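Structure, as structure tokens:
Just so you know, these numbers use all the heavy atoms, side chains as well, and skip hydrogens, waters and symmetry mates. What you see is a predicted model, and the numbers here were worked out from it, not measured in a lab.
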Amino acid sequence: MIEYRNNIFALHGDGFTCLLRVNRYGLLEQLHFGEPVSAEDADAFLLKQGLGWGTSVLLDDSDSESCPDTMALAWSGSGRGDYRQSPLETGNVTDFRYADHQILDGIVPMASPLPQAKGAAQSLVIRMTQPGAELYLHFSVFGGVLTRRTVLKNTGGSPITLHKIMSFLMDLPGDYKMTTFNGGWIAEMRKNTLPVRQSQVVNESVTGFSSHRHNPGFLLSELDATEDAGRVYGFNLIYSGNHYAAAQRSLQGLTRVMQGISPANFIALLQPGECFETPEAVMAFSDAGFGGLSSKMHRFVNECIVPKYWQYRPRPVLYNDWEGCMFDFDQQRLLGLAKDAKALGCELFVLDDGWFGNRNDDRAGLGDYAVNAKKLPHGLAGLAKKINDLGMEFGLWFEPESVNIDSDLYRAHPDWALTDEFEPLLSRHQLLLDLTKAEVRDYIVENVTATLDSANITYVKWDMNRHSIALGSKAHDYILGLYDVLRRIFEPRPHILLENCASGGNRFDLGVLCFGPQVWCSDDTDPIERLTIQENLSYLYPQSTFGAHVSASPHAQTLRTTPLCTRGNVSFFGCLGYELDLKHLLKLEKEEIIEQIAFYKQYRKVFQFGAFHRLKNGWQVSDGPIVLAGIFRKLLNAAPGYETLRVKGLEPNKRYCFCSHPQKLRIGQFGSLVKHVAPINLNPNGIVLRTADRLITLPDGYQECCVSGSALMAGIRLLPCFRGTGYDKNQRTLTDFGSELYIIEEESTCENA
């Protein structure tokens, strides 16, 4: 609900209130953003300046309360007494003052191809003016989340050169830490937390894309905030290009936070009558710690960002052929993999790179769409039909934004590639296509849609494998071009599951999630690395958006050997897939994967859409009477102590059935210990033990009980971990990189099952 009275705006959502005031000078003050309060209490949040602050500039020399530099503002100008960072730069003084406002049901649609959230309850549009320009500040309430964006209109007679415009500005009283998520290829989402002081803390991407270097989402938290308690703010941007966010504390204890398009190399020329609109920014507040903040962000993404068709629609278990055969395949080999994948329980077969043009490695073919007849003599339609006949759906990989110099497209249209006056710089032997050109966008749309309509294709992996160059001031227009392409291809085909990928998590953002419901988290599928990547993504994104695959071990990215059960357990907390050469699987590994997929399907709704919680040593998802908890280990010390599982969100007085999900141990993991229990002296590296390791498994420790919800939330003791010398059915024997899953169901649910 949005209300206005006596120059006070009160925007109320689920668990928050945003209070704004138009002061006597026409500036928009940020009185409060946090716990729900009444508009009648607005005076309690006013900042009194007293005698002022020394050399500060006053808007009225007779009023010591008129210093803009020490006000808590929701928008600020530059060159008129506020010396903190400005959200708007045109090369001239800016001084926008309140003119009028509108309170509307729903949301005001974007005028540009920028995506925006769906399903706002109400919106507030505040119009501010200065000579020659108007500024529109948009606020929209979505349940537990508030969004903001800015529109600048040139109402004068000469052009306005725009160098910087943020989606929002907000001044918050208090001391905070800023948490950002940084990294790089195969090392995405490393959490970094810094105190916000008088030097700016900045989170920025200048690669042309949202980037795995700096995810656009970030957090501000009070110093004592924990996972389950304390005041935390979350911010994100519905945008896939260069982004910028900054936080800075003033001497007076106001933390100014802003976010929008990166101003690096940004320039926009607004002719008289033209407008520029920013991407929509997302902000949420929780007084229940980081977990409470994540819950609000997850619900918002699931209900207001992902396409309506895919909201809470189960994602299929897929098999992707890439790590199984890369470019080396033909139809016979693909069908063999598909049959094996179907036998394991997979529901979707994805053909990755190499199906088109002269594409036998990554040096040629990008930009072309003719199917490689040597590999696929019956085309995509023939392959798709055969896979459909097996009872599986068929999906396809594309990389439409790039072009190889060795391609028919580049030979015909070298001017379509993004270049500058310097020697072209290649990455993975490719250039980007210039999506600011209408003819390039038309080419991509025509060829991708023709391919999709040529066969029964229900999934697309949209890849993009390099950073940009030569974009300069066209970086924003490139992203608008991308959104135009995605909208034209996928809005008429809502049933196609679009998974965005950009060398892994190089484009994990709310912008692309408006067109497809999930993103490939990282090219690193090592489950121990994924513990970091997926957990840190969970601060801002729900697990339903995570593409999570089981791959071979040792892992190609780390050479780390991990148990198959851990690879499965980590991938369960996302959209499960498999990506390895199935013909190399042992019989016992196939049996384990069959069990994994069957278990995942049984609890798919809970894993994909259940309420997600970060635990001290793992993760939890819950949906009504069902809770699934995963415990994950990295390195195990000798003689480990007792371990406790403490879950969240149960009914204290209800009874619950608790049990561990059965797992198997390979004989080989015991090494030379086997010879101490065998009737003969076995060579731990000999053929007998190697053969036994391929054929024989032992059950890992199994635990079950019926207890109250209060006991489970207080924490119950788990079976002991391996403590040396041997196997015991009442211990958890998986050691380094081991994991366990626990199933918790209300007693009545267990009885009904």
For D463 and N465, test the side chains for any donor-to-acceptor distance below 3.5 angstrom and give the result as yes or no.
yes
Can you list the steps and then say if F327 with W355 is a ring-ring contact (aromatic ring centres under 6.0 Å, His included)?
CA-CA 8 Å; F327 294 104; W355 56 266; over 10 Å; no
Looking at D353, D352, D328, which hits salt bridge (charged side-chain N to carboxylate O under 4.0 Å, His left out) with R359?
D353
Atom CZ of residue position R333 - does it have more than 12 heavy atoms of other residues, nucleotides or ligands inside 6.0 Å?
yes
Which pair of heavy atoms, one from P542 and one from H298, lies closest together, and at what distance?
N-CD2, 3.5 Å
Do the ring centers of H243 and F218 come within less than 6.0 Å of each other?
no
Heavy-atom side-chain proximity of F599 to F572 below 4.5 angstrom
yes
Atom pair CZ (R441) and CG (L433), whose distance is rounded to the nearest 0.5 Å:
12.5 Å
Cation-aromatic face contact R530/W520, 6.0 Å, 45 degrees
yes
Check for a donor-acceptor pair, side chain of E439 on one end and backbone N or O of W416 on the other, with a separation under 3.5 Å.
no
K461 vs N320, test: side chain to side chain contact (heavy atoms under 4.5 Å, CB included). Steps then yes/no.
CA-CA 10 Å; K461 180 180 176 182; N320 184 298; 4.1 Å; yes
Is the shortest distance from a Lys or Arg side-chain nitrogen in R411 or D406 to a carboxylate oxygen in the other one below 4.0 Å?
yes
With H549 as reference, evaluate E579, R567, E323 under the side chain to side chain donor-acceptor pair (under 3.5 Å) test and give the passing residue.
E579
Over all heavy atoms of both residues, which pair between G511 and Y483 is shortest? Give the atoms and the distance, please.
CA-OH, 3.7 Å
I'd like to know whether NZ of K339 has more than 12 heavy-atom contacts from other residues, nucleotides or ligands below 6.0 angstrom.
no
Measuring from L366:CG to L431:CG, what's the distance to the nearest 0.5 Å?
10.5 Å
Which heavy-atom pair separates F737 from T562 by the least distance, and what is that distance?
CB-CG2, 4.1 Å
Quick check: closest heavy atoms across Y410 and A417, and the distance to 0.1 Å?
CE1-CB, 4.0 Å
Whether the side chain of S468 engages the backbone of T207 through a donor-acceptor N/O pair (distance < 3.5 Å, no angle test) should be reported.
yes
Are there more than 12 heavy atoms of other residues, nucleotides or ligands under 6.0 Å from atom NZ of K437?
yes
Can you tell me how far the CZ atom of R299 sits from the CE atom of M297, to the nearest 0.5 Å?
14.0 Å
Polar contact flag, side-chain donor to acceptor under 3.5 angstrom, Y478-E401
yes
Can you check whether F515 and W462 have ring centres sitting under 6.0 Å from each other?
no
Decide if atom NZ of K118 counts as having more than 12 heavy atoms of other residues, nucleotides or ligands within a radius under 6.0 Å.
yes
NZ of K308: more than 12 outside heavy atoms within 6.0 angstrom?
no
Check: N203 side chain, T180 main-chain N or O, donor-acceptor pair, under 3.5 Å
no
N215 and Y539: side-chain hydrogen bond (donor to acceptor under 3.5 Å, both in side chains), yes or no, with the steps?
CA-CA 12 Å; N215 192 272; Y539 281 93; over 6 Å; no
Walk me through whether Q518 and Y541 qualify under side-chain hydrogen bond (donor to acceptor under 3.5 Å, both in side chains).
CA-CA 10 Å; Q518 63 193 58; Y541 305 94; over 6 Å; no
Side chain of Q557, backbone of D523: donor and acceptor closer than 3.5 Å?
yes
As a quick check of understanding, evaluate salt bridge (charged side-chain N to carboxylate O under 4.0 Å, His left out) for E347 and R604, giving each step before the final call.
CA-CA 13 Å; E347 301 159 312; R604 179 177 0 215; 2.8 Å; yes
Within 45° cone and under 6.0 Å: K342 NZ/CZ vs F349 ring
no
For A548, does its backbone N or O pair with a side-chain atom of Q534 as donor and acceptor, under 3.5 Å?
no
Would you give the length of the straight line joining atom CG of N506 to atom OG of S522, rounded to the nearest 0.5 angstrom?
10.5 Å
Give a yes or no answer on whether the side chain of N456 reaches the backbone of A384 with a donor-acceptor pair at less than 3.5 Å.
no
Aromatic rings F607 and Y603: how do their planes relate, parallel, tilted or perpendicular, breaks at 30° and 60°?
perpendicular
Check R428 with E399, please: is the shortest side-chain N to carboxylate O separation under 4.0 Å?
no
I'd like to know if R694 and E589 make a salt bridge, using a cut-off of under 4.0 Å between side-chain N and carboxylate O.
no
Proximity of F266 and F276 rings by center, below 6.0 Å:
yes
Tell me, with the steps shown, if K374 and N360 meet side chain to side chain contact (heavy atoms under 4.5 Å, CB included).
CA-CA 11 Å; K374 291 182 179 180; N360 297 309; over 6 Å; no
As an exercise, state the distance from CG of N372 to CD of Q331, rounded to the nearest 0.5 Å.
12.0 Å
Do the rings of F632 and F573 sit parallel, tilted or perpendicular, given the 30° and 60° boundaries?
perpendicular
Any heavy-atom pair between the side chains of S553 and T561 that's under 4.5 Å?
yes
Does Q543 use its side chain to pair, donor to acceptor, with the backbone of G610 at less than 3.5 Å?
yes
Distance-minimising heavy-atom pair for P109 and R149:
O-NH2, 3.8 Å
Y239-T278 side chain donor-acceptor pair, cut-off 3.5 Å
no
Hey, what do you get for CE (M464) to OG (S503), rounding to the nearest 0.5 Å?
7.0 Å
Donor-acceptor pair, E277 side chain versus M110 backbone, under 3.5 Å?
no
Around Q332, counting heavy atoms of other residues, nucleotides and ligands shown, do more than 12 lie under 6.0 Å from its CD?
no
For D442 against R488, the heavy-atom pair lying closest together
OD1-NH2, 2.9 Å
